[in-house]
Undergrad: 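Got a structure for you, questions after.
Each ligand, and each atom within it, is numbered from 1 in the order the structure gives.
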Amino acid sequence: MSVADEKTVVRDYFNSTGFDRWRRIYGDGQVNKVQLDIRQGHQQTVDQVLEWLKADGNLPGLSICDAGCGVGSLSIPLAEAGAIVYGSDISEKMVAEAYYRAKDRLNVIQKLSFTAQDLETLQGRYHTVICLDVLIHYPQNQIPEMISHLCALAESRVILSFAPKTLALTILKKVGELFPGPSKTTRAYQHKEANIVKIFSDNGFSIQRQTMIGTSFYYSRLIEAIRNTD
Ligand code: SAM
């Protein structure tokens, strides 16, 4: 599938069945056990990013690009903590939901903007660029271009999460594929950490902090890469 076709599939999914599925997972209403597990795992990822950024002590006023922001699960608390947040997502519906969730919180709305945009068309410079749980929707051959573009947008730092390609997770994924339920997602791609680290290195970034977040059905490698200075 071409790059453009792949993105069209992802956009269409997150504007239709994917929107309904992920809006529920990223909400607080009733969901099934698997979705609840994914909700809790994802929340751990969001909380870990917030903990890292707050620990640095310079979050108020920091410009942050949240690429593939979904329904604003990270963008909104970042703005609440004082950051200036530019959230964007390939899906118009996800962005509209993010805006809806933020709009009643008058203290955050001035610090937030949301646009419907593919991450590779984003422009500008931000202190920090964050991209959580987006790479899972793309095959390896598209990852170098996506990460290189995120690096070009970042003055100082890129934080991203991805499903790591390990033997245990590959087996788990295969088992999962045998039982496609009604809420089956798009294809999920795992990525080798060594490849991601190499792409960062090629773009002049080094890994600073990293952690693994795993529940029963949610696996995410979270890494922070800092622009090298010399
Ligand atoms: N980052 C959010 C979070 O962690 O709460 C949302 C994660 S959700 C699993 C993946 C999101 O990536 C969806 O909202 C989807 O529309 C968005 N997405 C997928 N491909 C994208 C792309 N090329 N550019 C921007 N957003 C994209």
Undergrad: Among all residues two or more places apart in sequence or in another chain, which pass the side chain to side chain contact (heavy atoms under 4.5 Å, CB included) test with Q210?
TA: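 Listed in chain order: E193, I207, R221, I223.
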Undergrad: Do NZ/NE/NH1/NH2 and the carboxylate oxygens of E97 and R101 come within less than 4.0 Å?
TA: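 Judged by the 4.0 Å cut-off on N to carboxylate O distance, E97 and R101 do form a salt bridge.
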Undergrad: My understanding is that only residues two or more places apart in sequence, or in another chain, count here; which of them pass salt bridge (Lys or Arg N to Asp or Glu O under 4.0 Å) with K198?
TA: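 With neighbours one apart ignored, the set is D202.
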Undergrad: Output, or 'none' if empty, a list of ligand 1-protein atom pairs in which both atoms are N or O and the distance is under 3.5 Å, rounded to 0.1 Å.
TA:
{"from": "ligand 1", "atom 1": "1 (N)", "to": "G68", "atom 2": "O", "distance (Å)": "2.6"}
{"from": "ligand 1", "atom 1": "1 (N)", "to": "L132", "atom 2": "O", "distance (Å)": "2.8"}
{"from": "ligand 1", "atom 1": "4 (O)", "to": "H42", "atom 2": "NE2", "distance (Å)": "2.7"}
{"from": "ligand 1", "atom 1": "5 (O)", "to": "H42", "atom 2": "NE2", "distance (Å)": "2.8"}
{"from": "ligand 1", "atom 1": "14 (O)", "to": "D89", "atom 2": "OD1", "distance (Å)": "3.3"}
{"from": "ligand 1", "atom 1": "14 (O)", "to": "D89", "atom 2": "OD2", "distance (Å)": "2.6"}
{"from": "ligand 1", "atom 1": "16 (O)", "to": "D89", "atom 2": "OD1", "distance (Å)": "2.6"}
{"from": "ligand 1", "atom 1": "20 (N)", "to": "Y138", "atom 2": "OH", "distance (Å)": "2.7"}
{"from": "ligand 1", "atom 1": "23 (N)", "to": "D118", "atom 2": "OD1", "distance (Å)": "3.2"}
{"from": "ligand 1", "atom 1": "23 (N)", "to": "Y138", "atom 2": "OH", "distance (Å)": "3.0"}
{"from": "ligand 1", "atom 1": "24 (N)", "to": "L119", "atom 2": "N", "distance (Å)": "2.9"}
{"from": "ligand 1", "atom 1": "26 (N)", "to": "I90", "atom 2": "N", "distance (Å)": "3.1"}

Undergrad: Please examine the side chains of L53 and I64, heavy atoms only from C-beta on, and report whether any two atoms are closer than 4.5 Å.
TA: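 Touching, per the 4.5 Å side-chain cut-off.
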Undergrad: Are V31 and V46 co-members of a hydrophobic cluster defined by side-chain heavy atoms under 4.5 Å apart?
TA: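 V46 and V31: separate clusters.
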Undergrad: Under the 4.5 Å side-chain heavy-atom rule for ILVMFWY, direct or indirect, which residues accompany I226?
TA: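 Via sub-4.5 Å side-chain contacts, I226 links to none.
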